[in-house]
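Report on one structure; see the data block that follows.
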Amino acid sequence: MKLVVLTGLVAVEKLQLAADLARHYVAAGETVAILDHVSRLPLSQSTLPTVVTSVRLEGDLSLTLAQHLREINREVVILAVSETVPPDALFVLLDRLSAEVPELEVQTLALVDTRTCDCFPTMREALEAYADVTLYLPFEWEEVMGVLA
């Protein structure tokens, strides 16, 4: 199972990217689920292909993420992480999860909007340090596809 983790302070852009990625993977013939943990607003199911499973997550991911991943039988899972989750805690959780589930292929994308992250330089530095890839808003779809290839 491939787990694509979207993190950062942006909410709308994160949900849009999750929906775009879901459509991309479905078009490629893969089964897809989205775990929506974004705090400010929920993902609209109407923006997704009907074959995409969408699960709304609330609260502490460290208590529920592993269980949700075990219950989801999909080739690709896109996790849109709440903008309130500290990067340190998220990446410790992902490291632990990778050790517990060795067949899990985790890829992390930090979405950084310099208009907001410059107000939170420590958050931006942590996202840039921990994530596999940092995407600076606005980004182009081709840029996303280039890093996921």
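Here, residue 1 is the first one in the sequence, and each next residue gets the next number. Below, each value reflects all heavy atoms present in this structure, side chains not excepted, and no hydrogens, waters or symmetry copies. Computed from a predicted model, the values in this text were never measured in an experiment.
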> If you look at every heavy atom in T47 and R23, which pair is closest and at what distance?
Replying inline: O-NH1, 2.5 Å
>> Does any part of the side chain of V147, heavy atoms only, come nearer than 4.5 Å to the side chain of D132, both counted from C-beta?
In response: no
> What is the minimum heavy-atom distance between S39 and T84, and which atoms define it?
Replying inline: OG-OG1, 3.6 Å
> Atom CG of L137 and atom NZ of K14: how far apart are they, to the nearest 0.5 Å?
Replying inline: 10.5 Å
> Which pair of non-hydrogen atoms, one from P87 and one from L127, has the smallest distance, and what is that distance?
Replying inline: CG-CD2, 4.0 Å
> Do the side chains of V51 and I72 join up, straight or via other hydrophobic residues, at under 4.5 Å, putting them in one cluster?
Replying inline: no
> Mind checking whether V133 and V106 sit in one hydrophobic cluster, side chains of I, L, V, M, F, W, Y counted as touching below 4.5 Å?
Replying inline: no
> Say you draw a straight line from OG of S98 to CG of L3; how long is it, rounded to the nearest 0.5 Å?
Replying inline: 8.0 Å
> Hey, are the side chains of L148 and L109 touching, using non-hydrogen atoms and a 4.5 Å cut-off?
Replying inline: yes
> When clusters are formed by joining ILVMFWY residues with side-chain heavy atoms under 4.5 Å apart, either directly or through shared neighbours, do V101 and V92 land in the same one?
Replying inline: no
> Do the side chains of L97 and L63 join up, straight or via other hydrophobic residues, at under 4.5 Å, putting them in one cluster?
Replying inline: no
> NZ of K2 to CD of Q107: how many Å apart, nearest 0.5 Å?
Replying inline: 5.0 Å
>> When you measure from the side chain of E128 to the backbone of T134, do you find a donor-acceptor pair of N or O atoms at a distance under 3.5 Å?
In response: no
> Side chains of L111 and L17: does their closest heavy-atom pair fall under 4.5 Å?
Replying inline: yes
> Excluding sequence neighbours, so at least two apart, what forms salt bridge (charged side-chain N to carboxylate O under 4.0 Å, His left out) with R96?
Replying inline: E100
> Closest heavy-atom contact between T53 and R74?
Replying inline: OG1-NH2, 2.6 Å
> Quick one: does L104's side chain get under 4.5 Å of V77's, heavy atoms only?
Replying inline: no
> Does some side-chain heavy atom of V85 sit less than 4.5 Å from a side-chain heavy atom of F91?
Replying inline: no
>> Using a 3.5 Å distance criterion without hydrogens, assess whether the side chain of H37 forms a donor-acceptor pair with backbone atoms of L57.
In response: no
> At their closest point, which heavy atom of R56 faces which heavy atom of P42, and how far apart are they?
Replying inline: NH1-CA, 3.8 Å
>> Which residue is it: V81, L79, V5? I am looking for the one with a side-chain contact (heavy atoms from CB on, under 4.5 Å) to L65.
In response: L79
>> So, taking the atom named CE in M1 and the one named CG in N73, what distance separates them when rounded to the nearest 0.5 Å?
In response: 7.0 Å
> Applying the 4.5 Å side-chain criterion to the ILVMFWY set and letting contacts propagate, would V55 and V32 be lumped into a single cluster?
Replying inline: no
> Just wondering, do M145 and H24 contact through their side chains at under 4.5 Å, heavy atoms?
Replying inline: yes
> Among T7, D88, D95, which one satisfies side-chain hydrogen bond (donor to acceptor under 3.5 Å, both in side chains) with Y130?
Replying inline: D88
>> Rounded to the nearest 0.5 Å, what separates atom CG in L35 from atom CG in L43?
In response: 10.5 Å
> So do the side chains of V38 and E83 get within less than 4.5 Å of each other, counting heavy atoms only?
Replying inline: yes
> Nearest 0.5 Å, what's the CD1-CG distance between I34 and L48?
Replying inline: 4.5 Å
> Should V4 and L21 count as side-chain neighbours, where that means a heavy-atom distance under 4.5 Å?
Replying inline: yes
> Taking all atoms of both residues into account, what is the closest heavy-atom pair of L15 and A80, and its distance?
Replying inline: CD2-CB, 4.3 Å
